[in-house]
Amino acid sequence: MAVPVPGLGLLTYRLPAGTPPPPRGARVVVPLGSRRVVGCVVERHATAPEGAELRDVAAVLDTEPFLPADVVDLALWVGEFYACGPGDALTVAMPPAARRGESDAFRLRVRVFPGQTPDTPPRGARQRALLAALDGHADGVLQSALAASGITPDVVRRAAVAGLVRLSEEVDERDPFAAGEGGWAVSSTAVDARPLTDEQRAALETLTTAADAREFRPVLLHGVTGSGKTEVYLRLARHVIAHGRRVLVLVPEIALTPALAGLFRATFGERVAVQHSGLSEGERHDQWHRIRRGVVDIVVGTRSAVFAPLEGVGLVIVDEEHEASYKQDETPRYHGRDVAVVRARMDRALIVLGSATPSLESATNAEAGRYGVIRMTRRVLDRPLASVRLIDMRREIAATGAETALSAPLVEALGQRLAQGEQSLVLLNRRGFATVIFCRECGASLECPHCSVTLTYHRAARRVRCHYCNYATHVPRACGECGGAFLEHSGVGTERLEAEVRERFPHARVARVDRDTIRRRGAITRVLSAVARGDLDIVVGTQMIAKGHDFPAVTLVGVVAADVGLGLADFRAGERTFQLLTQVVGRAGRGEMPGEAIVQTLHPEHYSVQAAAAQDYATFYAREMEFRQAMAYPPTIAMVNVVVRHRSLDRAMADAADLVARIRHRRVPARILGPAPAALARLKDEYRVQFFLKGRQRRPMRDALLAALAERPDLRRRTTVDVDPVSVG
Ligand code: ADP
Ligand code: ZN
């Protein structure tokens, strides 16, 4: 049995005599220490293990499997591969309410029917009104509808007691589409309305043949932005469903889910369910149970949807497969794309990994022949890719002297689009107003008291805030170091960029999209629909505006600082920069009018920037793989990142060194780098010390590490193990 406790292996419990044995995948309540927790049955033994003192199962919650068998298998695989243990992995496979053992978190609604005893005369005007309202409605009327016409639940209840009416309860499924969430994308032309391009047709043909094989087939769909991958997904999904199998679609971010989910909903109607963390717990619960009951054919969701209890999966689609957000950054640190590949293998399904900028992992798998590959090299209707102009900001700054967010060419281009009634996106991957506040006298910058990062100035909130731990405070009047009174800010964030854009173009309709502005549910959908309707002229934002969206009227994309990511001490910095630039440039010119991109950078000669400007994936791939090979980074080797935390730096260092010594002692076939303070050396008052294992195979590295941790159980709680890390800050 697996219980949701980090790092714990499987536990064994005794079933009290007379209790019917729960099947694999059923939930049970078990004692654990002084607590009671909900666990999931994964194995049954006829006899107790030798010499074990077993505690009793307290309650059996399900007589049927709650999780289907393949989802249990998948979760167990995750628990092992990511070295987190089965309990954590099974926890993400369940909807939140189910983890707490609430099996009846459904919302019920009451339907009111005319009563069976007509000899009871109605009393009073209200009861007569109630009967009148029910008259002719043999199927009953919802209590909520009666309430809307002034008949209160109390009146209904009394009438029921008197036998005038009869009540029944039914499950009220919360439909996330009803809120208009999925609505805005539906205007896009649905399947079949237009002929496919040659490349789309060829891709679809190859993929339907692969799906019909009913075997595990991984395929990389490498299609430039605007090549029409979505249309291929939709038609492929329809083919698979028509042949009696089901479809799982993964998308990277909540912001993208309404768009794609909306398209699928417009095409396939009621038989689509969505799963993502932007849903309320109730909606998520209802959607999950719809999937479990087998009434949907398609699930669209973010990474945890890879565990959806969908049976008979014949096709898995991972859209924008290169996205870092597929990797969960807390335990279990699984990669949604990689788990999807494993699921497709278990289900003997076709899996399509779609991207305009494939991850080096998938591109390498395709190159080695492990994945099939389909290329779509042209945009639909022969629309050209946007032309790209690089602006060397070192020269701009030298010329103007000032720290401007917008270069002269970008201002000019924005003005032109405004005059022509066309839309622009301006990207800056840094939120807030200014990124640093510093003292003019001693040069000290304002840092988070809990983390080793500078605080970001948010002007609207009149506060400085830590983007790592969320610590916030008022802007101080004087420098904390020297008492100097002249505090300045520098470094541009999206908030200041928005202010600058508004100042330059006071008549433009401007919106900003970043984590500060879209906190409220539905906010992102509103902005995106406003763009789609043409109600906005300029949208300023972080990478949230860069991805996946299809805005035909956007003809200009400006990138304010292309190199925000390049300075990071992360081996994927070059790849991220290339992907982000290529994606954002790909937002321009998707409609009838050609697009232009203006990219401001301090490193115009960097190969990531150059290759993105030329939209040249092959050159980027060759250059980046050279670097990974030379430095022994993934995907040329496998890597495990271990972070040990402690309030004392010395203790963190000593503990990490101890783990390293224990691992070395086991003679693992791996190189060990570190321990050393992590790039983010302190977070939430704890020092972070990290080391890396690099080797050809994950298993021996993982085994040695887990063995070392088993010898130091005291370190379990403050050690993070990340297998296949996507960021190593
Ligand atoms: P990608 O996901 O590959 O970047 P999309 O699937 O968003 O591209 O398609 C780009 C645009 O082209 C969308 O507006 C889409 O509706 C349109 N489109 C796709 N296929 C066709 C087609 N066969 N004919 C005309 N327009 C198409
Ligand atoms: Zn902080």
Side-chain angles (χ1 to χ4, degrees), residues 184-204 220-237 249 251-252 256 259-260 262-264 266-267 317-323 352-358 374-386 432 445-456 463-473 528 531-532 546-554 557 579 582-593 595 615 617 680-688 729:
W184 69 275
V186 177
S187 57
S188 288
T189 322
V191 168
D192 271 353
R194 57 206 169 185
L196 293 181
T197 66
D198 289 349
E199 285 187 333
Q200 283 174 323
R201 192 171 319 112
L204 189 62
L220 174 63
L221 178 59
H222 181 180
V224 297
T225 55
S227 57
K229 294 184 286 295
T230 311
E231 196 86 7
V232 174
Y233 298 154
L234 288 169
R235 298 204 193 203
L236 181 61
V249 184
V251 294
L256 298 185
L260 204 61
L263 271 176
F264 272 95
T267 311
I317 293 168
V318 182
D319 192 29
E320 312 286 355
E321 66 84 29
H322 62 276
E323 277 289 323
V352 180
L353 307 174
S355 176
T357 52
I374 296 175
R375 293 204 168 80
M376 289 168 47
T377 57
R378 300 164 67 171
R379 283 187 159 182
V380 296
L381 307 176
D382 282 323
R383 282 171 195 150
L385 286 166
S445 53
L446 202 56
E447 290 201 5
C448 175
H450 310 290
C451 310
S452 54
V453 293
T454 56
L455 295 171
T456 302
R463 307 198 119 205
V464 285
R465 167 164 282 136
C466 171
H467 284 184
Y468 286 86
C469 73
N470 232 13
Y471 165 85
T473 185
L528 297 179
V531 179
K547 314 209 168 145
H549 312 299
D550 185 32
F551 302 129
V554 169
V557 165
Q579 285 164 347
T582 310
Q583 293 288 342
V584 69
V585 166
R587 295 312 113 209
R590 295 165 70 88
E592 321 260 289
M593 294 161 290
Q615 316 230 353
Y617 183 83
L680 179 61
R682 199 160 71 103
L683 177 66
K684 300 181 188 173
D685 291 321
E686 286 185 317
Y687 286 92
R688 302 171 74 245

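Values below: all heavy atoms of this structure, side chains included; hydrogens, waters and symmetry mates excluded. First listed ligand is number 1; within each ligand, the first listed atom is number 1. By convention here, the first residue in the shown sequence is residue 1.
Near the Zn ion (ligand 2), less than 2.8 Å away, sit the protein N, O or S atoms C448 SG, C451 SG, C466 SG, C469 SG.
Q615 pairs by the side chain to side chain donor-acceptor pair (under 3.5 Å) definition with nothing, not counting sequence neighbours. Take T357 and apply the side-chain contact (heavy atoms from CB on, under 4.5 Å) test, not counting sequence neighbours, and it matches H322, S355, F578, Q579, T582, Q583. Applying the side chain to side chain donor-acceptor pair (under 3.5 Å) test to R383 and every residue at least two apart in sequence or in another chain returns nothing.
One N or O on the side chain of R688 and one on the backbone of L680 form a donor-acceptor pair closer than 3.5 Å. Checking side-chain atoms of E231 against main-chain N and O of Q200 turns up no donor-acceptor pair under 3.5 Å.
For P552, the closest heavy-atom approach to ligand 1 does not fall below 4.0 Å. Look at P195 and you'll find a heavy atom under 4.0 Å from some atom of ligand 1. Not close to ligand 1: G223, with no non-hydrogen atom less than 4.0 angstrom away.
Contact atoms of ligand 1 toward T225: 4 (O) (distance under 4.0 Å to a heavy atom of the residue). In summary, the atoms of ligand 1 found under 4.0 Å from a heavy atom of T230, numbered by their order in the structure, are 2 (O), 5 (P), 6 (O), 7 (O).
In this structure the side chain of R235 reaches within 4.5 angstrom of the side chain of L196, judged on heavy atoms. Between Y617 and P358 the shortest side-chain heavy-atom distance falls below 4.5 Å. Taking 4.5 Å as the limit, some side-chain heavy atom of R465 sits within range of a side-chain heavy atom of N470. No side-chain heavy atom of Y233 sits less than 4.5 Å from a side-chain heavy atom of L263. Side-chain atoms of E199 and V380, non-hydrogen and from C-beta on, never get closer than 4.5 Å to each other.
Residue contacts with ligand 1 for K229 involve both N, CA, C or O and side-chain atoms from C-beta outward (heavy atoms, distance under 4.0 Å). In M376, neither the side chain nor the backbone holds a heavy atom less than 4.0 Å from any atom of ligand 1.
Where the criterion is an N or O separation shorter than 3.5 Å, residue side chain and backbone included, L196 fails it with respect to ligand 1. On a distance-only criterion, R383 and ligand 1 share no N/O pair closer than 3.5 Å.
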